[in-house]
Amino acid sequence: MKDHRGQDLPAELPSTQYAQERVAHLVRLCARGFNRSLARRLAEHGIPFGQWVFLRILWKQEGLTQKELSEMASLTEPTVHSALTKLEKADIIERCTEDGNRRKQHVYLTRKGRDLQAVLEPLAVDANEVALTGIAPEDRQVLHDLLITILENLARDEAEAEEAGIRIPPTRGFAV
């Protein structure tokens, strides 16, 4: 079998070591692998993976507030603030106040930030292609659809728990 670059794949892939794993663990391992694969590619361009998250959002919609970015990225506001400060220092984004509200800053890409899209998005496509090597197009679509179903199921579960007053416990300072 060949990979997306036409190079031979090992005859035996280590799939048997994962045969007994739960789906949640496999998805977590895949997410980690995707993140590391893309992070290596982004590092060649001086962009940490943590900044990629915000660039991806801003390429779709500029003018968001820090709070909106926090919600869209599922990250805390202090984490977002730190990342935005670094992006601003790198002249990739700028923060502006609108409507005279000095506390609410909106985030916009600079020309440099917009230009990065043409350079960085192909890296994400490449990382995806590497991960999906050997999977037929119709199976890729099935996988995509199944992952969306899983996301919807988990979102519904979380909403039901929230309605019942059950909150996600904090991860900081949580003794194990």
Under the side chain to side chain contact (heavy atoms under 4.5 Å, CB included) test, residues paired with S82 that sit two or more places apart =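 Result, side chain to side chain contact (heavy atoms under 4.5 Å, CB included) vs S82: K86.
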
Would you please name every residue forming a side chain to side chain contact (heavy atoms under 4.5 Å, CB included) with Q105, sequence neighbours left out?
->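 Checked Q105 against side chain to side chain contact (heavy atoms under 4.5 Å, CB included); matches are R95, T97.
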
Check whether any side-chain heavy atom of [X] lies under 4.5 Å from a side-chain heavy atom of [Y], and answer yes or no.
X	Y	answer
W52	I57	no
Q66	H81	yes
F54	L109	no
L87	L58	no

Under 3.5 Å, sequence neighbours excluded: what are the donor-acceptor pairs made by side chains of residues 19-33?
none

By side-chain hydrogen bond (donor to acceptor under 3.5 Å, both in side chains) - contacts of E68 (at least two apart) |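 For E68 the side-chain hydrogen bond (donor to acceptor under 3.5 Å, both in side chains) partners, ignoring immediate neighbours, are T65.
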
Report the residues that fulfil side-chain hydrogen bond (donor to acceptor under 3.5 Å, both in side chains) with E71, sequence neighbours left out, ordered by chain and then residue number.
->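 Once residues adjacent in sequence are excluded, E71 has no partner under the side-chain hydrogen bond (donor to acceptor under 3.5 Å, both in side chains) criterion.
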
If you group Ile, Leu, Val, Met, Phe, Trp and Tyr by side-chain heavy-atom gaps below 4.5 Å, do L84 and M72 land in one group?
->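 Linked, L84 and M72 end up in one cluster.
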
Can you find a side-chain donor-acceptor pair between R114 and T110 that sits under 3.5 Å?
->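 Their side chains do not contain a donor-acceptor pair, so the 3.5 Å distance test is not met.
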
Which atom pairs, one a donor and one an acceptor, fall under 3.5 Å between side chains of residues 148-164 and the rest of the protein, sequence neighbours left out?
| residue | atom | partner | partner atom | Å |
| --- | --- | --- | --- | --- |
| T149 | OG1 | D145 | O | 3.1 |
| N153 | OD1 | R156 | NH2 | 2.6 |
| N153 | ND2 | T149 | O | 3.4 |

